[in-house]
*Asks:* 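Take this structure first; my questions come after.
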Amino acid sequence: MNKLYMNGKWIESASGRRFDVLNPASGEVIGQVADGNAKDTQKAIQAAHDACESWAHTLPKDRTQLLSDTARAILVNREHLARVLTQENGKPMHEASSEIAYAADFFTWFSEEAKRVYGRTVPSNVPDRRRMVIKQPVGPVGAITPWNFPLAMIARKVAPALAAGCPVVVKPAEQTPLSAIELFRVFHDSGFPRGTVNLITCSDPVKVGNELLHDERIRKITFTGSAEVGKFIMKECADQLKRVSLELGGNAPVIVFNDANIEKAVQKVVASKFRCAGQTCICPNRIFVQRDIAGTFSETLAQTVKTLRVGDGIKSDTQIGPLIDKQGLEKVKTHVADAVSRGARCLIGGNTPADQALRNGFFFEPTVLVNVTTVMKIFNEETFGPVAPIIAFGTEKEVLEMANSTPYGLSGYVYTNDLGRAFRVSERLECGIVGVNDERPSVPECPFGGLKQSGIGREGGSEGIEEFTETKYISFGID
Ligand code: SIN
């Protein structure tokens with residue numbers, strides 16, 4: 001039960017230790033999993049290394065078949081996977097269920113891309129040479145995945161790596177190993193060759209992470225998580241010039257112009273701001289509203305937020321679950337307290353819920369703050385919680401300056417009915433993903449990733465598979 005998976009087998013950790021997994025809605029232990037360490041990681045790396053040659057030479061059509069079978073199997077297990085995910089992550093069941101479909105979609109998309117890893121021929125400038133460029137798998141990949149989308153983020157990394165011909169060693173977040181284990185059961189049943197998919201669950205990410213970062217057999221690290229850890233990974237990988245893709249935090253601006261449909265903009269802002277209790281990397285973090293509509297927008301937003309039901313995600317009527325852990329909850333409290341102490345006002349929320357049934361979970365009330373300014377923590381740092389801070393602005397120029405004033409640049413949103421403005425603003429926003437009147441731009445077929453300190457590389461789209469390939473130029477002498 002809940003073991004490590006490597007070389008096609010479930011095994012106990014070398015130490016025999018296990019660690020507890022908590023339900024953030026109740027603080028209760030819901031399971032125990034094998035606690036992998038450096039020795040286990042070495043074994044998994046060896047398994048991936050051994051599988052590398054034959055997986056790289058598997059025919060693309062066979063990889064396509066395996067990945068699309070996996071997509072189907074994920075959907076067959078959708079209800080079960082969603083339940084496990086909700087219990088360890090806290091998000092409402094309907095969100096968990098759409099995450100499972102999203103994860104399956106990555107397998108479907110990359111099953112098709114496996115056939116399209118094209119190179120090119122280059123016209124030769126001399127008669128007796130022919131030039132060719134090919135794409136080859138980069139080699140064994142270390143995938144370090146987060147807790148906020150425990151299955152979709154494994155899928156977004158593993159599906160393109162496998163499609164490109166690279167075996168993987170996955171280290172899931174210590175808060176959410178159970179759903180990763182369930183996903184690996186699906187992989188096992190789908191029949192991936194031994195060593196192509198390996199899983200190390202662990203309570204100490206540093207020990208396992210260090211092996212993945214420093215072992216020469218791992219040729220690429222793909223990571224989703226904080227900017228701080230992303231920078232550490234990049235520094236550690238510099239010694240070997242190991243390839244890295246980093247999908248890091250954001251500080252997403254939303255810009256609502258006075259020509260936007262206010263009702264629709266509110267509905268969409270609520271949908272993106274409060275998804276996963278505000279713990280997505282592309283959640284709106286700063287909501288800029290043009291001054292003449294700021295009052296109406298804020299009131300409408302507060303009225304809508306007031307109706308959101310907070311509770312255990314496993315209950316069918318829950319709309320907002322808990323934060324992932326105590327540390328996450330403390331950060332949200334600190335940001336709200338800092339904002340209020342500097343003059344912000346809570347229109348709704350601002351506390352932990354009074355409901356006694358929720359007292360042992362890591363809940364925070366969905367909150368709307370007005371009078372937010374650029375000096376507050378909530379403006380400058382990613383809150384990762386259910387708090388919507390509103391900042392009033394005057395002109396397009398002023399709002400672009402404020403929106404671009406942070407070191408991050410993952411996603412941004414614009415609400416307007418003026419086409420020219422939509423183009424001007426989306427082109428000038430310093431972020432990798434822009435939603436124009438679109439609260440949910442992430443899809444498997446388009447590139448996801450950030451500018452500035454929000455990361456390097458892209459996941460999804462045709463770019464997503466490129467990240468797992470190397471370019472080789474071959475020149476033929478034909479004289
Ligand atoms: C993330 O928060 O990193 C993923 C969000 C998404 O794919 O929509």
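First listed ligand is number 1; within each ligand, the first listed atom is number 1.
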*Asks:* At a 4.0 angstrom heavy-atom cut-off, what protein residues surround ligand 1?
*Replies:*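 Residues Y102, N148, F149, M153, R156, E247, R275, T280, C281, I282, S442, F448 each place a heavy atom under 4.0 Å from ligand 1, listed by chain and number.
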*Asks:* Is the distance between the ring centroids of F257 and F393 less than 6.0 Å?
*Replies:*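 Yes; F393 has its ring centre under 6.0 Å from that of F257.
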*Asks:* Could you list the residues that satisfy side chain to side chain donor-acceptor pair (under 3.5 Å) with E247, not counting sequence neighbours?
*Replies:* R156
*Asks:* Pick one: which of E381, E382, K377 meets side chain to side chain donor-acceptor pair (under 3.5 Å) with H335?
*Replies:* E381
*Asks:* E439: which residues meet the salt bridge (Lys or Arg N to Asp or Glu O under 4.0 Å) condition with it, sequence neighbours left out?
*Replies:* K268
*Asks:* For Y415, enumerate each residue passing the side chain to side chain donor-acceptor pair (under 3.5 Å) test, keeping only those at least two apart in sequence or located in another chain.
*Replies:* none
*Asks:* So that I know where these two stand, are W109 and Y102 an aromatic pair - ring centroids less than 6.0 Å apart?
*Replies:* no
